[in-house]
Amino acid sequence: LHLGAIVLIGGLGDRLGRGAFAVAAVPAVASTLWAVQLAWSEEVATAELNWVEGLDLTLGFRVDGLAAMMTLLVSGIGALVFAYAAGYFSPGTAGVGRFAATLLAFATSMLGLVWADTVWALFLFWELTSITSFLLVGHKHVDAVARTAARRALFLTVSGGLALLAGFVLLVDAGGTARLSDLSPATGTSATIAAVAILFAAATKSAQVPFHVWLPGAMVAPTPVSAYLHSATMVKAGVLLVAIAAPALATTDVWTPLGLAFGITSMIWGSVGALRHVDAKLILAWGTVSQLGLMITLLVLDDPKATLAGISMLLAHAVFKAALFMVVGEIDVRTGTRDIRQLGGLRQTMPIAFWVAVISGASMAGIPPMLGFATKEAAVEAVIKLSGAELW
């Protein structure tokens, strides 16, 4: 269904106009409803394709509870972003068909990533998200700034992809299986090197310091891209990778210290970066760096409560940050500026956007009874029960 919609939109080009986003929303809504049905019935869906049988190269897929939740984020928020994009672009805007097809191609790649149950399937769709995000960030290809930002993002994320492939090869060697659902704690030199490589890959994808520079630069992309890729989906791929690999690699000596170094540094530097800017979109981007650091920090602790808090934070952040990016995009279109020093009185002129921003901002700030409050309280509850250096 996804591939059919991509071919249809790509074949018709701009003749569909903004209707291309309605076509793109159909498979997203279908995936959302399917994920709700799976989550409600607590079923686990599986499928596989033998790529090279003699080499045990199998593209395996599995949709369990975590994958179903990620599907709701990818497809549910995706459907909303497609609806938002239909209003964001003016009638007759050139390149709308290409943009809609590329955005749906990214959504399809992201679904493959969250459904992957073998390391080879995860790596394949990991790289496809890097390629499609490059095309989306560089959508305004006549703009030199957009081209530079797209190339920087591609360079860093593909570098992480190469590290991921190396880490997966070593992980399969250490663990004896390529199936993610069958991974067990791995030890030894191969497992240690795999842990370093996989954390490096996660840091590049999830914009952790010092690989974070591509994310603020990617804000030159149209706002639907920022709301979708840079809040709810692509930047969460690294976080999801850490959650998936933790059961196998958390016992290595390097996993928690290196993960904490990435996470805590990003939490602090991302917060500082957000406070240094007056562009509302850049403030959100730098805040994302910080919040991704919090998720990485929680997920490398190898503690059930911390893992629950990290996954809950992933869900909450996707919801409130996507909404905030959409609000900023509307403000930019209607006022002509994103400079917070020049914005005021929007409660009267944009009341719906105002209240969406207030509610979403309250969740991001951890104000009860918002979801952001519950997840951050869970994080505090998890870490105060640690001991030694991890407690500090």
Side-chain angles (χ1 to χ4, degrees), residues 18 21 77 80-91 93-96 99 103 133 136-153 207 212-235 266 269-292 317-365 372:
R18 294 186 297 178
F21 295 110
I77 293 180
L80 297 175
V81 168
F82 287 131
Y84 175 85
Y88 179 84
F89 290 99
S90 303
T93 302
V96 167
F99 179 84
L103 192 60
S133 68
L136 289 168
V137 173
H139 176 69
K140 302 175 184 177
H141 54 85
V142 296
D143 185 346
V145 175
R147 291 199 304 268
T148 301
R151 288 168 182 161
R152 183 190 301 120
H212 65 291
V213 291
W214 69 264
L215 182 56
M219 294 302 104
V220 299
T223 296
V225 175
S226 303
Y228 193 40
L229 275 67
H230 305 139
S231 63
T233 52
M234 178 178 168
V235 292
S266 301
W269 189 239
S271 299
V272 171
L275 294 173
R276 289 172 52 238
H277 289 279
V278 295
D279 183 317
K281 207 171 177 183
L282 283 177
I283 293 171
L284 293 179
W286 279 94
T288 297
V289 172
S290 180
Q291 288 143 7
L292 291 169
H317 178 266
V319 175
F320 65 64
K321 189 56 70 71
L324 287 169
F325 268 120
M326 291 187 205
V327 167
V328 168
E330 185 182 356
I331 291 171
D332 188 19
V333 169
R334 293 183 60 176
T335 66
T337 183
R338 300 196 302 253
D339 190 328
I340 60 174
R341 297 170 298 184
Q342 300 177 25
L343 295 171
L346 299 183
R347 184 169 64 87
Q348 287 76 31
T349 57
M350 301 172 61
I352 295 177
F354 171 82
W355 285 111
V356 170
V358 168
I359 294 171
S360 302
S363 184
M364 183 167 69

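Because the structure is predicted, anything quoted here is derived from the model rather than measured.
Without hydrogens or angle criteria, R18 side chain to A86 main chain gives a donor-acceptor distance under 3.5 Å. In terms of modelled atom types and a separation under 3.5 Å, the side chain of K140 and the main chain of A146 share no donor-acceptor contact. Between the side chain of T233 and the main chain of Y228, a donor-acceptor pair closer than 3.5 Å is present. The closest donor-acceptor contact from the side chain of S363 to the backbone of G372 lies under 3.5 Å. At least one donor-acceptor pair closer than 3.5 Å links the side chain of Y84 to the backbone N or O of M326.
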Inset, instruction - Decide yes or no on side chain to side chain contact (heavy atoms under 4.5 Å, CB included) for V327 and F354, but give the supporting numbers first. - result: CA-CA 8 Å; V327 167; F354 171 82; over 6 Å; no
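Counting only heavy atoms from C-beta outward, the side chains of W286 and H212 approach each other to under 4.5 Å. Two residues are said to be in side-chain contact when any heavy atoms from C-beta on lie closer than 4.5 Å; T223 and E330 fail this criterion. In this structure, the side chains of L346 and I331 come closer than 4.5 Å at one or more pairs of heavy atoms. With a 4.5 Å cut-off on side-chain heavy atoms, F325 and V328 do not count as touching. The closest side-chain heavy-atom distance from V235 to V289 is not below 4.5 Å. In this structure, M364 and L324 have side chains that are in contact, with non-hydrogen atoms separated by less than 4.5 Å. Proximity of T335 to T349: side-chain heavy atoms (C-beta onward) are nowhere separated by under 4.5 Å. Within the 4.5 Å cutoff, the side chain of K321 has heavy atoms near those of the L284 side chain.
Here the closest non-hydrogen pair linking S271 and S290 is OG-OG, 3.0 Å. Shortest non-hydrogen contact noted between G217 and R152 is CA-NH1, 4.1 Å. Among all heavy-atom pairs drawn from A227 and A322, the shortest one is O-CB, 3.5 Å.
Below 30°, between 30° and 60°, or above 60°: for F21 and F89 the angle between ring planes is below 30°, a parallel geometry.
Atom CD in Q291 sits 4.0 Å away from atom NE2 in H317 (nearest 0.5 Å). For the atom pair NE2 (H230) and NZ (K281), the distance works out to 9.0 Å, reported to the nearest 0.5 Å. Separating the CZ atom in F320 from the CD1 atom in I359 is a distance of 14.0 Å, to the nearest 0.5 Å. To the nearest 0.5 angstrom, Y88 atom OH is 6.0 Å from D332 atom CG. Taken to the nearest 0.5 Å, the CE atom of M219 stands 11.5 Å off from the NE2 atom of H277. The distance from the CZ atom of R341 to the CG atom of L343 is 10.5 Å, given to the nearest 0.5 Å.
Atom CD1 of I352 is surrounded by 12 or fewer heavy atoms from other residues, nucleotides or ligands within 6.0 Å.
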